[in-house]
Each structure stands twice: as structure tokens, then as C-alpha cells.
Amino acid sequence: MKERSEKNYKALALMPMLLFLVLYVGCGIVFTIMGKSSPFSIMSRYTAILITIMVALLCYDTKTSVNDKLEVFCRGYGSQGVGLLAIIISAPIAKELGGKYKIAPKRLASLLDIFACAALMLVPHDSAVLLVSQYGGASYGEIIRWQFYPVLLLLFTVCTIQFGLLRTKDEKNASV
């Protein structure tokens, strides 16, 4: 698989960013004109980002398979700092949900960290998975079968949330 397309897209390379702006800002302006309350929250910026990524994957370099494009995208996503960026971007959503369901900020930060770490350990572009596959010659399918820790971590965390275990007194008193 080649790393990047040889084609120079010039100004067309800005199309995904412009699409995001049209979707997010454009919808916000339209909903403002329509008199909706909280117009910029109707079309979530995360939805606009996902739509933009999908359009970019499907429209650019049509000779390359979507699978190869996703591999390049994931390799870029796995670079240093992107995981932290994902936590920073998802923190406002988590804070809003924490306020709605009366979750203490300390617990909310722990849950966000747990899900971010466990999810990163299960994706094929995690550094440990890449090292084992490169130097050990194992495929992702062979590696994922032995990923007990992240699966158990997610399982126990979901059970803790679902059954209300380990909640603080404040959380129990302010329960929804």
C-alpha cells in the first residue's frame, strides 16, 4: 500500500474543512434565522466532523480502496497527542452528561480516562498492537484474542455504571 496519493489536490484539499464550516456554521445560521433556541447545538459539531471525514474518505483518491485510506487515517490518528486531543474534545460532552446525571467531576474524569484508554488498547493502530504485529509477526486478529485487560476494564466499568456501584454519597443523594 502506498502511503499517500501522488496527486496534488491544491485548493481542493480544503474542501473537507469548508464542508465542515458549511455544515456546522451554516446549519447554526439557518437555525438562528428560523428562531430555534440553541441553534448551534442542533447540528452537533461532532456529527459535522464525522460527515466531513466520510466525504473525504470516499471522494479523494478514488483509485485507492477505502480500507487503505482508513489505514492511513488511523495511522495518523494514532500519532502522539491525538488520544489526548480526543479526550479534550469529548470532555465537554462528558461534562454535560455528568451534570445531567449528577456524576461527580472526579468520577467523570476517571470514567473518561478509562474509556479512552480501553478503547485505544482495542484499536488496530495502538502502539503496542503495532509493535507486536511488526516484530512478532502476529496479525491484529491474533493479538485481539489476548486483550483481556481492556475488555474486562470496559465490562466492569459498564457494570459499575449500570448498577450504580461505587457512587459517592453526593451522587447517591442527588440521584436522577
Could you work out, with side chain to side chain contact (heavy atoms under 4.5 Å, CB included) as the rule, every residue matching [X], not counting sequence neighbours?
X: Ile161; result: Arg107, Leu111, Phe115, Thr157
X: Ala109; result: none
X: Pro150; result: Ala118, Met121, Leu122, Gln147
X: Glu96; result: none

Partner residues of Phe148 under the ring-ring contact (aromatic ring centres under 6.0 Å, His included) criterion, sequence neighbours left out: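 Phe148: ring-ring contact (aromatic ring centres under 6.0 Å, His included) contacts with Trp146.
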Distance, nearest 0.5 Å, that separates CD1 of Ile103 from NZ of Lys100: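 Output value for this atom pair is 11.0 Å.
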Side-chain donor-acceptor contacts of residues 21-40 below 3.5 Å, not counting sequence neighbours, with atom names and distances?
{"residue": "Thr32", "atom": "OG1", "partner": "Gly28", "partner atom": "O", "Å": "2.7"}

